[in-house]
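To find a chain, count down the sequence lines: A is the first, B the second, and so on, and within it residues start at 1.
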Amino acid sequence: MTVKKEDFTQLLLKWHKNENSRAMPWKGEKDPYRIWLSEVILQQTRVEQGWAYYEKFIAEFPTIEDLARAPEQKVFKCWEGLGYYSRCRNLIATARKIVGDYGGRFPSDYESIHALKGIGPYTAAAIASFAFNLPHAVVDGNVLRVLSRYTGDATPIDTTAGKKKYTALAGELLDKDQPGIYNQAIMDFGAVVCKPQNPLCTSCVQRKDCQAYCTERVGELPVKEKVLRKRSRWFYYFMVETPDKKVYIRQRQKGDIWADLFELVGWESEEPVYPEDILRGAAAGRVFGKQSLTVKYISKVYRQELTHQTIQGQFFTIHLSHPLPSLKGYILVDKEKLNEYPFPKFINAWLKDPTPAQSLF
DNA sequence: AACACGGGGTC
DNA sequence: GACCCAGTGTT
């Protein structure tokens, strides 16, 4: 499929200039630090959702030096609730690398930018074009959708072959005299006009040459190959409180969901478990031994839907008569200071509003 | 190439 | 409930 670049690109730029009123705090930004920060926040994240986080990060860490020297936990606390927490870990690592190895100055060529942690082809192209005016075309979900529809191409966008094909086309269509403007324009166009659902085809400036529109296949494009599979997980957590109002928490390790965030004492099950069985089970015995403990509350069943998982679980409030002699891997912190630690949304839902007892059999 | 990784909006 | 969002890293 060949595309007349002069048509597509010129119409796109004209639309951007005359009809695109989408405003964002980082638009037109030239500081590579701010561009980078906004792009990482926006990976797989809607502009509306990332907006407040960007403002918070800029206020808290105005420069890359501020970010590089900040305690990790403080940065994670700022990221709390945004999801995909490896982005935060890589953000910290890259800030420290740039400050340590590049004297605080962002590298200014595509390959060096791409080599940084948390920066893939999309983010590297965004930074290269927005900050350094380099001719690299961004390929995000918007671009894939726009190009698939415009060319009427049913090649799946979530395959290696598809990405390669659309990336090549994106590079051809790029206006190399103003790559930043062009990249901004095509992403806004995808978000505002060529939307996933109910695109604004009847008023679209590209409709005359849009193959999907002309052949009435807009609703069928782009094509995705992979089917989403969901897994169910159950988490049973204990707020184990000592007489002096301290509780046990630990940091989750990498390799699973919520890496680097904190969690309460607890364990996971592949199947739902009755509260009675949780408390009677061997695992509870290993944790609490013969210690006399009081179960103050058992929460309702909390549930959270994620893209690839359904999380369910319950929270037990336990009061100890004496602190446990040792609880390997856990730290003991003041209950009042729990809000200084980043927790998954699932746990925060209960921490912020602990539902009182169900039955205390 | 396939899969894991959050949370939220829209229909 | 299904799909998608200014994707990246690991295996």
Side-chain angles (χ1 to χ4, degrees), chain A residues 22 24-27 29 35-54 76 79-91 93-94 113-130 136-146 156-164 167 170 180 182-192 194-199 219-231 233 252 254-261 303-311 342-349:
Chain A
R22 200 183 190 206
M24 288 167 283
W26 47 85
K27 222 174 193 176
E29 181 61 60
I35 293 167
W36 165 60
L37 177 62
S38 69
E39 295 301 342
V40 174
I41 286 174
L42 291 167
Q43 286 166 5
Q44 288 294 283
T45 304
R46 291 166 184 272
V47 166
E48 300 74 29
Q49 188 187 358
W51 190 306
Y53 282 87
Y54 174 79
F76 271 98
W79 197 273
E80 184 183 49
L82 193 54
Y84 282 165
Y85 297 92
S86 65
R87 290 184 292 172
C88 185
R89 186 171 61 251
N90 289 332
L91 193 76
T94 291
I113 297 169
H114 188 209
L116 296 166
K117 285 183 181 173
I119 299 184
Y122 164 77
T123 305
I127 297 171
S129 63
F130 294 147
H136 293 272
V138 295
V139 180
D140 71 338
N142 292 307
V143 173
L144 291 170
R145 183 173 59 255
V146 169
I157 60 172
D158 58 348
T159 60
T160 306
K163 289 202 176 84
K164 190 173 174 186
T167 298
Y182 171 88
N183 281 335
Q184 187 65 61
I186 193 169
M187 287 193 287
D188 281 345
F189 181 78
V192 174
C194 199
K195 300 181 293 178
Q197 295 166 310
N198 300 327
E220 303 160 33
L221 296 173
V223 170
K224 280 200 174 181
E225 192 175 78
K226 297 178 174 47
V227 289
L228 182 67
R229 254 188 261 293
K230 255 193 177 179
R231 144 164 100 123
R233 304 173 74 172
R252 288 180 61 86
K254 67 175 180 181
D256 194 9
I257 193 170
W258 304 321
D260 295 320
L261 298 196
R303 180 188 177 94
Q304 184 185 21
E305 294 291 345
L306 302 178
T307 304
H308 314 275
Q309 305 183 16
T310 300
I311 309 288
F343 287 95
K345 182 93 174 172
F346 178 74
I347 295 178
N348 267 333

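One interatomic measurement links the two molecules: CZ of A:Arg22 to P of C:dC5, which rounds to 11 Å at whole-angstrom precision. Atom pair A:Glu39:CD and C:dA6:P shows a separation of 11 Å (rounding to whole Å applied). Atoms CG (A:Asp260) and P (B:dC5) sit 13 Å apart, rounded to a whole Å. The interatomic distance linking A:Lys117 (NZ) with C:dT8 (C1') rounds to 13 Å, in whole Å. Rounded to whole angstrom, the span from the CG atom of A:Leu91 across to the P atom of B:dC5 amounts to 21 Å. As rounded to whole Å, 9 Å separates atom P of C:dG7 from atom CE of A:Met187. If you take CG of A:Asp158 and P of B:dA2, they are 9 Å apart, rounded to a whole angstrom. Atom C1' of nucleotide C:dC5 and atom CG of A:Asp140 are separated by 9 Å, given to the nearest angstrom.
Rounded to whole Å, the C1' atom of B:dC11 lies 22 Å from the corresponding atom of C:dA6. Across B:dG6 and C:dT10, the matching P atoms stand 14 Å from one another, rounded to whole Å.
Distance check: A:Leu144 CG to A:Lys224 NZ gives 8.5 Å after rounding to the nearest 0.5 Å.
Between A:Lys27 and A:Asp188 there is a side-chain heavy-atom pair separated by less than 4.5 Å.
For DNA chain B, the stems formed by at least three consecutive Watson-Crick or G-U pairs, with both atom-pair distances below 3.5 Å, span B:1-5 with C:7-11, B:7-11 with C:1-5.
Residues A:Lys226 and A:Arg231 each lie close to DNA chain B; by heavy-atom proximity, the contact nearer the 5' end of the strand is made by A:Lys226.
Classified by interplanar angle (parallel below 30°, tilted 30° to 60°, perpendicular above 60°), the ring pair A:Trp258/A:Phe346 is parallel.
At the phosphate of B:dA2, neither OP1 nor OP2 sits under 4.0 Å from any side-chain N or O atom of A:Arg229.
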Taking distance alone, no hydrogens or angles, what donor-acceptor pairs closer than 3.5 Å link side-chain atoms of residues 35-43 of chain A to residues at least two apart or in another chain?
residue: A:Ser38; atom: OG; partner: A:Arg34; partner atom: O; Å: 3.3
residue: A:Ser38; atom: OG; partner: A:Ile35; partner atom: O; Å: 2.8
residue: A:Glu39; atom: OE1; partner: A:Tyr122; partner atom: OH; Å: 2.6
residue: A:Gln43; atom: NE2; partner: A:Gly118; partner atom: O; Å: 3.2
residue: A:Gln43; atom: NE2; partner: A:Thr123; partner atom: OG1; Å: 2.9

With B for base contact, S for sugar-phosphate-only contact and - for none (protein heavy atoms under 4.0 Å), nucleotides 6-11 of chain B reads BBBB-S
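Backbone-only engagement by A:Thr123 is indicated by non-hydrogen atom pairs under 4.0 Å involving sugar-phosphate atoms exclusively. Within 4.0 Å of A:Arg89, counting heavy atoms only, lies no atom of the nucleic acid at all. Among the heavy atoms of the strands, none lies under 4.0 Å from A:Asn183. Here A:Trp79 lies out of heavy-atom contact (under 4.0 Å) with every strand.
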